[in-house]
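In the text below, chain A, chain B and the rest are named by the order of the sequence lines, each starting its count at 1.
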Amino acid sequence: MIAEILVWSILVAQILLVLAMGCAVYRMLKGPRAQDRVLGLDTLYVNATMLLLTFGIRTASILYFEAALIIALLGFVSTAALAKFLMRGEVIE
Amino acid sequence: MELILALGIGVLTGSGVWLLLRPRTFQVIIGLSLLSYAVNLFIFSTGGLRTGAAPVLQQGTAGDLSTYADPVPQALVLTAIVIGFATTALFLVLLLAARGLTGTDHVDGREKDR
Amino acid sequence: MTGWMDHLTIAPIVIPLLAGAMMMLIDERRRPLKAALGLASTVALLVVAVTLLRIADGAPPEAGAAAVRMYRLGDWPSFLGIVLVLDRLAALMLVLTAILGLAALVFSLARWQKAGAHFHPLFQFQLMGLNGAFLTGDLFNLFVFFEIMLAASYGLALHGSGLARVRAGLHYVAINLAASLLFLIGVSVIYGIAGTLNMAELANRIATVAPEDRALLEAGAAILGIAFLTKAGMWPIGFWLPNTYSTVSAPSAAIMSILSKVGIYAVLRLWLLMFGGSAGASAGFAGNWLLIGGVLTIVFGSVAVLATQSMARLAGACVLVSSGTLLAAVGMGQVAVTGGALFYLTSSVLAIAGFFLLIEPLERSREVGADVLAVTRAAFGEDDEEPDEDDEVGIAIPAIMAILGVSFGACALLLAGLPPLSGFLAKFAMLAPLLALDTSGDAGVSVTAWVLLAALILSGLATVVAMTRTGIDVFWASPGNELPRVRVVEIAPVVLLLSLCVALSVGAGPVMRYMEATAQSLHVPQDYVRMVLPPPPAEPGAGDGR
Amino acid sequence: MRRWMPFPVLTATLLAVWLILNESVTPGGVLLGGVLSVIAVRMLLALDPPKGRIRRVQVAVKLAFLVLADIIRSNRAVATIILRPDSGKRTAGFVLIPLDMRSPYGLAALACIITATPGTIWVEYDSVKHTILLHILDLVEEEVWIDTIKGRYEKRLMEVFE
Amino acid sequence: MTHLAEVPAWVALLTALFLLIGAGLTLIGSFGLLRFDTFYARIHAPTLGSTLGVGFVLIASMLFFTVLESRLVIHEVLITALMIVTTPITLMLLGRAALYRDRTEGNDDVPPSQATVVKPDVVIPEATGDQPPPA
Amino acid sequence: MPDALLLLTAVGLPFVGAIAAGLLPTHARNAAAWMAGGVALVGLALLWAAYSTVAAGGVLRHEIDWMPSVGLNFILRMDGFAWLFAGLISGVGALVILYARYYMSAEDPVPRFFAFLLAFMGSMMGVVLSGNLIQIAFFWELTSLFSFLLIGYWHHLAAARDGARMALTITATGGLCLFAGMLVLGHIVGSYNLDVVLASGDRIRAHPLYLPALILILLGALTKSAQFPFHFWLPHAMAAPTPVSAYLHSATLVKVGIFLMARLWPVMAGTEAWFWIVSSAGIATLLLGAYAAIFQHDLKGLLAYSTISHLGLITLLLGLNSRLAMVAAIFHIINHATFKASLFMAAGIIDHETGTRDIRRLSGLNRFMPFTARLALVAAAAMAGVPLLNGFISKEMFFAEALSAEGPLPPLIDILPVAATVASAFSVAYSLRFIHGAFFGPDPVDLPRKPHEPPSWMRFPVEILVLACIIVGLLPAATVGPYLDMAAHAALGTATPEYSLAVWHGFNRPLLMSLLALTAGVVLYLLLQEYLAKGVEGAPLIRRLDSQRLFERALVFLSWRLARTAEGLLGTRRLQPQLRLVVCVAVLAAGWAALLRWPGPGNLIPAGIDPVLALIWAIGAGCALGAAWQAKFHRLAALILLGGTGLVTCITFVWFSAPDLALTQLLVEVVTTVLLLLGLRWLPKRLDLPGTRAAEVLTRTRRLRDLGIAVAAGAGMAALAFAVMTRVPPELLAEHFLERAYTEGGGTNVVNVILVDFRGFDTLGEITVLGAVALTAYALLRRFRPAPDSVDVPEQQRAQSAYDIAQPERRDGDTVADWLLIPSLIARLLFPIICLVAMFLLLRGHDQPGGGFAAGLTASIAMILQYMLGGTQWVEARLRVLPLRWMGIGLLLAAGTGLGAWAFGRPFLTSYFAYADLPVLGKLPMASALIFDVGVFALVVGATMLTLIALARQSLRGHRASAPRPADPPALPPPVSAPTPPPTPTPAQTTMGDD
Ligand code: NA
Ligand code: NA
């Protein structure tokens with residue numbers, strides 16, 4: 001029963017997170033400005049980190065931790081690059 | 001589950017092919033990237049889809065296919081990702097060189113007559 | 001596995017790898033050192049390749065002992081790990097690669113090595129990729145070596161940069177990337193259905209594939225085939241080939257003349273291994289398509305030969321004709337024809353490479369292409385190239401026009417398949433068994449044989465017309481040009497390659513015997529399979545002491 | 001010691017990160033982690049990080065809890081704004097805040113705090129006029145925000161870093 | 001999913017609760033991306049996820065694995081710390097970039113730069129390949 | 001002398017001589033002539049040595065293995081027939097060489113001439129002495145080749161080039177047909193050996209492939225022998241030096257076709273097809289050639305058409321299927337060789353001494369070169385068939401055959417005597433024209449040179465030949481009789497008919513015809529005087545039938561216009577159609593293969609659909625479609641959406657148990673995004689400009705088609721993926737890997753063990769790819785030249801810089817410095833942490849997700865971040881990454897690990913692992929695979945950095961281009977083609993960061 005609750009709540013949490021990702025993707029698709037799209041991508045990365053963590057719980061496996069760690073550590077690099085491009089027209093000067 | 005992934009692969013392939021056939025080099029490189037996602041997923045999927053069965057063994061044991069996913073496609077995909085990464089980089093540099101020399105980003109290095 | 005000789009099989013891969021890696025550590029300004037290293041490596045490759053050829057040819061086929069040598073990488077059992085397999089075909093291709101490599105490298109010493117950065121390591125990787133592709137007995141490893149070969153060829157194709165080269169290079173890379181994706185799809189379908197990547201094991205399993213899976217397996221093979229055929233330049237997916245080959249630098253083009261044959265090699269190897277006589281329901285799969293594709297390629301190649309004015313494009317079109325010929329011959333699926341086709345392959349690879357190397361000195365005498373190099377050398381950007389200290393110092397060789405003329409004539413004869421050089425014998429070696437194929441009754445010459453005969457004759461004719469036109473243009477109709485400055489290192493490789501064709505012509509008997517033995521073992525790959533996958537008890541106790 | 005370990009806090013932090021990553025504390029692991037941490041710090045030194053160190057750890061810890069509380073509060077506030085049906089009537093806006101703090105580490109910490117706290121974001125910094133421009137989702141009164149930032153965070157951060 | 005039954009009930013319940021709170025907060029934050037009508041409002045939205053959202057999920061994860069594996073599993077702490085440090089970088093960079101773009105376009109609803117002199121000819125239209133989508 | 005040596009010398013010596021002559025210095029004309037003459041004389045001596053055997057009906061034979069397995073041996077064979085031809089080749093050859101010694105001018109590179117001539121002679125010998133069908137074709141093509149070189153010897157003349165090309169095109173084409181015909185003939189007989197072939201006449205004629213073989217072989221023979229309708233190349237070949245014409249068109253080249261027809265006559269003639277083809281070609285050629293010859297104004301042109309006509313005569317004789325006619329043909333071959341060679345030489349003398357060959361300008365030369373005139377008169381008389389000369393005798397034989405011919409075509413048979421007489425009359429007319437036009441009449445005016453007799457040695461060959469004409473004409477049986485007999489017997493075997501060689505056969509019908517022809521010829525010539533005096537070019541009636549023009553047009557059309565059109569239609573040089581074809585062909589091939597045998601159901605039951613993953617894929621699909629939609633006008637959006645797709649792919653990898661893949665995918669994703677963004681800066685702006693309506697419709701159609709292809713490819717791929725996913729093969733390789741990864745590979749992360757151990761070779765290859773690509777990218781970027789419109793510093797930077805400058809209290813670069821102040825500080829602090837994580841991933845890769853590649857990318861990203869937020873110059877002043885060194889060391893490490901196994905007598909890449917039990921530190925895994933992985937790591941770092949840095953450094957170029965500052969080392973000249981950028985107020989600041 002308890003396990004059942006856990007299973008379901010993980011599922012619900014994941015669905016919530018995926019919906020959150022959907023919101024982010026909406027911004028990526030819709031814009032209207034480039035900064036909105038970048039913001040969407042950044043949000044998508046954050047949400048994906050959490051999705052991976054919930055997935056770890058769901059499968060009781062810590063093997064997916066590294067992927068989440070990498071997103072947290074390096075996911076910002078691409079968004080930072082995009083922001084730099086918007087501000088300076090060039091990523092590396 | 002298989003159906004979802006298959007459809008996903010299909011959409012990626014379709015989008016990739018569409019872009020591959022476009023006239024701008026940037027479109028082509030995005031298309032190639034999408035296609036390599038599709039192909040990587042495809043290779044990956046040939047080993048069958050297993051959830052929560054990463055092929056990482058317990059210390060000191062031998063594994064078997066009933067508890068672990070097929071590691072071979074994964075290894076192949078890893079190689080394919082690396083090679084795909086390398087070739088994407090090369091294609092990018094090349095399209096920049098072409099853009100610089102020809103002045104256009106058309107795949108043929110010259111604008112088609114309107 | 002103890003003797004050093006045992007490791008010889010992998011030497012063709014390791015030598016250029018080490019040479020290339022070492023070159024990365026050498027400063028770009030110390031080019032003579034790199035060149036010396038490259039030369040040493042390539043000469044070593046030639047020696048090794050010839051030794052391997054002798055080893056592969058050691059056991060006569062009728063003696064029952066297989067002329068196949070296997071090298072198990074990582075000491076894993078052959079079905080498990082990656083194996084290298086040396087048989088006559090692989091050895092032949094290795095020797096060809098080494099010869100072309102040496103010729104192209106020597107040629108490049110005159111000026112091309114300086115036309116851009118990192119020529120030498122890329123060249124070594126090119127050789128490594130080619131050798132690996134010929135040696136490997138594993139389908140995915142074949143992909144990897146294809147990629148090495150292609151990656152290096154991208155570099156060599158773009159070597160020297162410049163508008164035309166980059167424009168054609170873009171197409172070349174784009175299409176090959178697409179083809180590589182197809183390669184991957186094909187390989188993974190085959191793995192997903194047959195469950196193995198080892199080519200010998202694959203040959204074993206093909207007959208036992210469940211009927212409901214067979215369609216997928218064949219679809220995978222078809223996709224794989226398209227990948228190979230794209231690289232081989234088959235019509236209508238090989239238009240990139242003449243465009244690319246005609247723009248790349250001469251030494252790159254020379255080495256690329258075998259690159260297009262890798263696609264053919266792969267088709268030959270895999271098709272005969274997978275869909276040979278023992279493939280059960282799949283035997284002979286898509287053979288007709290190879291034949292049709294081959295003939296269409298010959299036709300298109302001939303048209304392109306006629307339609308072109310530049311020598312480089314002409315050479316590119318000749319590559320198409322040669323590819324088409326080989327595909328059609330392979331598609332016949334007959335041992336004797338395959339033997340002739342291998343002879344043809346050897347002859348045409350040498351001839352086309354020689355022609356590519358010849359074109360540049362010839363173009364130099366004409367004003368049109370004279371400053372191609374100058375343009376590409378126009379330093380642009382962060383250029384820290386050393387000044388061209390000795391570029392124009394080279395003395396014009398006496399009677400150079402005569403040497404160039406004779407060489408051109410030899411190329412024309414070889415490409416058109418006219419006597420007395422090996423091109424003629426090669427055609428004969430394919431056509432004679434082709435006509436003799438079906439001697440049941442008196443009528444016996446099949447329609448396909450007629451078609452192929454006609455295609456070959458007409459392609460020869462087209463080549464004669466085009467080469468005559470070009471030759472007259474270059475040698476006869478433009479008397480005003482001054483003698484081109486050609487260095488010995490530029491003309492020597494051409495002479496070497498063409499002399500080899502003469503040698504092929506004179507020594508046609510033994511050469512043909514080798515080719516026939518090769519074809520025989522390709523068509524009856526049991527020896528190959530048995531050698532790669534020995535009976536179970538032979539499995540060594542792996543793991544101990546690892 | 002200084003020579004080999006110029007940033008002891010950072011080195012220790014790195015070692016901790018290493019041990020947490022490896023999820024084990026064995027002598028070998030500590031030794032390896034220590035060596036790697038020292039090397040990593042030396043690599044950082046090559047990049048000329050500005051001088052500066054944490055002077056008052058206590059304040060720092062207090063500030064951390066304060067920020068945590070603020071974050072929780074702001075989360076609630078922002079969530080409410082998002083879910084409120086009449087969120088269109090918000091009074092979002094920019095506010096310009098003059099700063100006294102000069103320490104780059106302090107500024108960095110302040111930026112992290114402000115940006116990490118939902119509802120506020122650091123938009124622009126002017127090194128000539130020493131002002132920051134913030135965007136605030138629920139800007140009721142500018143002065144309140146200036147006081148909050150300066151009094152609540154900047155003062156404490158200056159204690160820590162200057 | 002047998003292993004999920006291996007943890008005690010309280011752990012399971014707490015894990016479930018934290019997960020739902022974290023995911024819910026994240027969704028609310030992301031929902032803000034849809035709700036708000038200006039970029040500067042939207043830029044606040046993801047912080048919900050990157051602070052408490054991720055925090056709750058990480059607590060859930062730490063709790064769950066610590067109990068499941070019967071050892072202290074705290075490496076999730078790293079993720080929290082990194083999130084707190086890296087998210088601001090992105091948002092700060094992005095916010096300022098947006099401000100620049102809005103200023104050069106002369107949008108009214110952003111504060112002008114604190115310039116004392118602005119040369120009229122320095123206003124240059126956007127440079128990226130990103131035009132507003134055609135109507 | 002042994003047969004072998006004799007035969008090999010006969011064929012080989014000319015080639016050896018050719019090479020020797022070719023190596024002589026350009027001015028060594030005497031040496032070359034002596035050498036050539038010597039070779040010809042040796043040839044004659046050899047024939048003399050062989051005569052006794054051959055005359056006794058014997059055959060000299062020598063066989064060498066060549067390609068025995070395909071039935072091709074090098075066989076030399078000399079019988080009487082071949083002997084006769086060899087004699088003509090050597091004899092006429094010797095005379096021509098002597099003649100040429102005096103004919104060729106000092107300016108010509110004579111050694112080359114003799115080299116070609118000797119090579120040609122060798123090829124001719126090869127043809128006549130071949131004992132193998134393929135070998136005949138082999139030497140046949142060589143004769144075409146060397147005749148091409150001889151005809152084009154004076155290649156500075158356009159006529160020589162065109163003539164040579166035409167000759168080669170026609171004869172080589174024929175040669176290829178002949179080759180095919182020989183293949184078929186060999187297939188019919190089952191052997192290429194001439195002896196076997198000559199013994200299989202009945203089999204050949206009865207074979208269903210007889211007709212194809214016959215047609216192909218005759219195509220070769222008739223083209224070579226200039227038979228209608230392939231005759232037109234021959235007159236154009238007259239652009240050759242006259243010795244060449246004398247040689248090629250009297251005794252050798254054009255006789256090769258005749259030789260072959262005669263050689264194969266016993267086995268291929270005697271059928272209706274033979275009669276039809278050969279005799280009709282012969283009669284047409286005979287008449288046409290003779291008719292056209294009358295109207296030529298060029299002496300050599302006249303001789304050329306007369307040659308055509310005489311070749312037609314011989315062909316006609318061969319076509320009559322009569323043995324006696326065959327003998328007559330052989331006889332006429334000899335006669336024609338003698339009188340025609342001498343006439344060519346005479347024409348050459350006239351040309352040489354007067355400077356022209358135009359009959360309209362020549363006149364009365366008899367007074368200036370009486371001796372030559374007399375010689376020419378006799379030779380021309382022989383050509384005209386005047387009694388007491390050799391031409392008369394063979395012509396009589398021809399008339400006799402014409403009268404007695406039988407065949408399947410009665411009308412042809414009926415007109416044969418008439419045609420023979422008419423042609424003979426024509427030949428009288430053109431012979432008269434030759435002699436009368438050149439030697440008689442008033443003194444010539446306005447000749448380029450003052451005519452006089454040639455050097456006596458130059459006339460000598462003519463004298464010899466004319467003497468032969470007379471002697472044979474007077475005493476045929478005593479002189480040529482034995483040789484003709486020998487040749488006929490060799491060609492026909494025992495079935496040689498009785499014939500008599502006599503000057504006088506009584507007053508019979510052939511004689512009547514001869515007289516008629518002589519009279520008619522004279523009358524005709526007289527009647528034509530007025531017309532010919534007008535000097536109109538070409539023969540009336542057939543002037544419009546200009547085969548040469550037709551040929552040139554056809555050639556240009558076929559080999560040029562048609563080919564270009566066809567190439568355009570069948571091929572393309574544009575990328576889009578090529579890619580479209582590749583995709584379509586792949587889809588069709590796979591579809592065809594799959595539908596050929598419809599696939600059955602899979603053996604796995606698909607798992608239920610997880611709503612989470614389904615939603616994730618909805619997102620992924622949305623991103624992919626969005627990227628496809630936006631990639632043209634919103635590149636940045638497409639790039640961002642691509643990132644979304646990548647993330648979904650990564651989540652999928654996690655979902656289906658592939659943590660390593662997820663990790664790698666993510667890292668690659670980040671680096672790729674940065675990479676593409678770096679590139680975006682150099683791409684042109686794109687505006688959505690509407691085109692014309694027609695263009696819009698076309699575009700829409702194209703897009704619809706591409707959409708169709710994309711949908712088909714996507715659907716096909718989805719179906720294939722589904723099908724493959726739902727089946728698992730009975731035996732999977734994976735089973736073994738899982739079993740042995742730890743026990744034998746020493747690692748728990750099976751994927752990593754596969755990568756560094758089981759299939760480490762793949763990984764070695766993969767990093768080599770990476771290295772090669774990085775080198776290529778670097779090399780390309782070194783030569784990178786930005787497009788003019790993107791060379792400037794980006795607008796944003798200019799605007800921000802201008803803003804800073806406009807503010808009195810700000811310095812240039814403050815805006816960006818303020819903007820990056822905090823991010824760059826945090827990024828610097830993150831640097832050691834990211835490096836630590838990289839190490840972590842590297843060291844644990846063998847057991848847990850990670851590995852060298854992931855670690856290398858992580859470390860690279862750490863560096864990239866610094867470059868991004870600190871600026872290139874700032875970073876490079878502080879950290880010197882030497883990417884090439886990393887790459888080299890990495891590759892050597894990886895390869896060295898492989899080689900290390902050799903020391904232990906194991907194959908390449910055999911791994912070693914153990915757990916070292918150290919004090920304090922405890923058990924530590926020691927695996928060679930780790931060293932390998934470190935190599936991978938180093939290479940990945942090096943390759944990634946090399947590419948990225950090279951790309952990033954291009955930005956510096958923009959700054960330099962807009963403001964070259966002396967402080968920037970190394971100072972570069974601005975690009976040549978780049979327009980001068982608009983002046984900026986002050987130099988742009990490139991150094992960033994907080995200084
Ligand atoms: Na499968
Ligand atoms: Na915030």
Using heavy-atom distances under 4.5 Å, tell me whether [X] contacts chain C through its side chain, its backbone, both, or neither.
X: F:Asp762; answer: both
X: F:Ala901; answer: neither
X: F:Leu562; answer: neither
X: F:Ala164; answer: side chain
X: F:Phe148; answer: both
X: F:Pro212; answer: side chain
X: F:Arg574; answer: backbone
X: F:Leu770; answer: neither
X: F:Trp592; answer: side chain

Go through the atoms of [X] and report whether side chain, backbone, both or neither lie under 4.5 Å from a heavy atom of chain F.
X: C:Ala304; answer: both
X: C:Val166; answer: side chain
X: C:Leu456; answer: neither
X: C:Asp138; answer: side chain
X: C:Ile10; answer: side chain
X: C:Phe125; answer: side chain
X: C:Leu413; answer: side chain
X: C:Leu425; answer: both
X: C:Leu217; answer: neither
X: C:Asp213; answer: both
X: C:Ala227; answer: neither
X: C:Ile223; answer: side chain
X: C:Ile226; answer: side chain
X: C:Phe285; answer: side chain

So, C:Arg469 and F:Ser559: side-chain donor and acceptor under 3.5 Å apart, yes or no? yes
If you count heavy-atom pairs under 4.5 Å between each of C:Ala21, C:Ala179, C:Gly129 and chain F, which one has the most? C:Ala21
Contact check, side chains of [X] and [Y], non-hydrogen atoms, under 4.5 Å:
X: C:Ile237; Y: F:Gln578; answer: no
X: C:Glu516; Y: F:Val70; answer: yes
X: C:Lys427; Y: F:Leu176; answer: no
X: C:Ile13; Y: F:Leu764; answer: no
X: F:Arg727; Y: C:Leu216; answer: yes

F:Leu575 vs C:Trp240, test: side-chain contact (heavy atoms from CB on, under 4.5 Å). Steps then yes/no. CA-CA 8 Å; F:Leu575 181 63; C:Trp240 62 271; over 6 Å; no
Can you tell me how far apart CG (C:Asp75) and CG (F:Asp757) are? Round to the nearest 0.5 Å. 10.5 Å
Audit row: C:Phe424, F:Phe179, ring-ring contact (aromatic ring centres under 6.0 Å, His included) steps and yes/no: CA-CA 10 Å; C:Phe424 176 77; F:Phe179 174 50; 4.8 Å; yes
How far apart are the C-alpha atoms of F:Phe761 and C:Phe140, what are their side-chain angles, what is the distance that settles it, and do they pass the ring-ring contact (aromatic ring centres under 6.0 Å, His included) test? CA-CA 11 Å; F:Phe761 201 50; C:Phe140 192 77; over 10 Å; no
Lys/Arg N to Asp/Glu carboxylate O, C:Arg205 vs F:Glu731, below 4.0 Å: yes
Measure across C:Leu122 and F:Ala772 and return the closest heavy-atom pair with its distance rounded to 0.1 Å. CD2-O, 3.5 Å
